[in-house]
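Below, each value reflects all heavy atoms present in this structure, side chains not excepted, and no hydrogens, waters or symmetry copies.
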Amino acid sequence: MLVIHGGSAVTRNGIIDDAVIVVRKGIIADIGANGSVRPPSGATMVDANGFWITPGFVDMHVHGGGGNNFATSDPDEVIRAARFLASTGTTSLLATVGAGPLEKTQEFISVIADLIGSRGDSAEIVGIHLEGPFVNAHRRGAINAQHIRPPSIDETDRAIKLSKGSIRVMTLAPEIDGALQVIGYLTDRGIVVSVGHSDAKYDDALAGINAGISHSTHTYNAMSGLHHREPGVVGAVLTNESVTCELIGDLVHVSPAAAQVLIRCKGPHSVALITDSGFAAGLPDGRYSSSDGRYMFKNHAHCTLDDGTLAGSVSPMNLNVRNLVTVLGTPLTEAVEMASLTPARSAGVDDRKGSLCIGKDADIVIMNKRFEVMRTYVAGNLIYDSWDSSMPAVP
């Protein structure tokens, strides 16, 4: 049994100062202010006085980190990537696989599917996000053009079967011939369809939403923008209440002002903070070879291809939360909601993830006031620890 106490717990109903969180068998058994919750005798006590206690972050769009990819045939590499993400406060994730050669993509899906739900010493992989290959080459971003394919129900069905039902999100462009049929096929099977890498006109985007699209992949990036006479994909997702919008929070992919527009239009309940980070996240600045042989350049918060195209993010979730709070002025409770409960809901795991509530998994992050992760717990198990002399000793 575990008791975390003394810190400020960020919950759906506000911040609980001098909080007490009781964890029993990997589940939050009780939570409240000191005095209203009595710690059980014999429990391991963790004094988090002076620190934030938040729900574990849920990253529904992440390709890897720490020099490791999710698009790999090596299951150990997948686990290493998930372990790195735990050091940034992410406790649950959708392992994201971008467009690639058909046979390789199918292999990657199979490898990840075998690891779904495993709880070792890493963040928990709760599903798969397929980003492509049914996208628009004109908005491909860092996707390799040679791996873009026309929409295919046969390919989609094969992917679903190989995933053992673990595909939770698929990104596609609704304006491509055959896309609407695939959208219907996916939604009939409970898979979230996300508009992304799309050059759709507003009417085409709206047709995709009416067919079942309920999500927007890294909103603003790699999609037709808002123009006052042609609102494009951005206009369609901003004005449709049924669509949840991803936001890369590094303030490189999206300017602070545009991020504020998105949050004000949609509200924190409909904005899912993501990293879209790749293998270069957590690595020193430098030049790296990607899995498809192209070179990527990491320079602080930027990661680009040879031609300067942004190639995913390298900013971890804890720093994205910090960006929203310190730069945009977003209330901490709302920033945490966008990094935890909103993506958990979109990924279909909010019944057990995304908030500090009785009965949910004890996925808990302790951060200092600089938003540096001190400890990460998954189902009550300590899987990352940077405890130092600035924190109280653990009995």
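Contact of the I248 side chain with the Y220 side chain is not registered, since no non-hydrogen atoms from C-beta on lie closer than 4.5 Å. Using a 4.5 Å heavy-atom threshold, the side chains of S313 and H253 count as touching.
The pair D76-R80 does not count as a salt bridge, with every side-chain nitrogen at least 4.0 angstrom from each carboxylate oxygen. A salt bridge links E124 and R352; the closest N-O separation between the charged side-chain nitrogens and carboxylate oxygens is under 4.0 Å. At a threshold of 4.0 Å, the pair E107-K104 counts as salt-bridged, since one of the basic side-chain nitrogens sits closer than that to a carboxylate oxygen. Between E337 and R12 there is no salt bridge, since no side-chain N of the basic residue sits under 4.0 Å from a carboxylate O of the acidic one.
Identified under the salt bridge (Lys or Arg N to Asp or Glu O under 4.0 Å) test for residues 222-245, with sequence neighbours left out: none. Residue pairs meeting the salt bridge (Lys or Arg N to Asp or Glu O under 4.0 Å) criterion with at least one member in residues 162-183, sequence neighbours excluded: D114-K164.
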Name each donor-acceptor pair under 3.5 Å that joins a side chain in residues 21-41 to protein atoms two or more places apart or in another chain, with its distance.
residue: N34; atom: ND2; partner: D18; partner atom: OD2; Å: 3.3
residue: S36; atom: OG; partner: A33; partner atom: N; Å: 3.1
residue: S36; atom: OG; partner: A33; partner atom: O; Å: 2.6

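Minimum interatomic distance between N323 and S315 (heavy atoms only, all atoms of both residues): ND2-OG, 4.5 Å. Nearest heavy atoms, R149 versus L102: NH1-N, 3.7 Å. Here the closest heavy-atom approach between residue V135 and residue G196 is recorded as CG1-O, 4.1 Å. Nearest approach of M223 to V234, heavy atoms of both residues: SD-CG2, 3.8 Å. When every heavy atom of A344 is checked against every heavy atom of G354, the shortest pair comes out as CB-CA, 4.0 Å. The minimum heavy-atom distance between S8 and D17, with the atom names listed, is OG-OD1, 2.9 Å.
Here the side chain of N13 pairs no donor or acceptor atom with the backbone of T11 at under 3.5 angstrom.
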Practice task
Using the side-chain contact (heavy atoms from CB on, under 4.5 Å) rule, take V97 and H129 through it: C-alpha gap first, then chi angles, then the decisive distance, then the call.
Solution key: CA-CA 6 Å; V97 177; H129 178 167; over 6 Å; no

Problem - Test log, rule side-chain contact (heavy atoms from CB on, under 4.5 Å), inputs W52 and L332 - result: CA-CA 10 Å; W52 299 119; L332 177 62; 3.6 Å; yes

Problem - Residues V195, T217; criterion side-chain contact (heavy atoms from CB on, under 4.5 Å); working and verdict - result: CA-CA 6 Å; V195 57; T217 295; over 6 Å; no

Practice task
In sequence, state the C-alpha distance, the side-chain angles, and the governing distance for V193 and H215, and then conclude on side-chain contact (heavy atoms from CB on, under 4.5 Å).
Solution key: CA-CA 6 Å; V193 185; H215 198 73; over 6 Å; no

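Counting only N and O atoms by type, the side chains of D199 and S224 include no donor and acceptor under 3.5 Å apart. For D307 and T309, the side-chain atoms include at least one donor-acceptor pair closer than 3.5 Å. Side chains of E131 and T171: a donor-acceptor N/O pair is absent below 3.5 angstrom, by distance only. Counted by atom type alone, D157 and Y185 present one or more donor-acceptor pairs between their side chains at under 3.5 Å.
Taking the six-membered ring for Trp, H218 and H197 have ring centres closer than 6.0 Å.
For the pair R375 and Y377, the NZ or CZ position fails the cation-pi test of under 6.0 Å to the six-membered ring centre and within 45 degrees of the ring normal.
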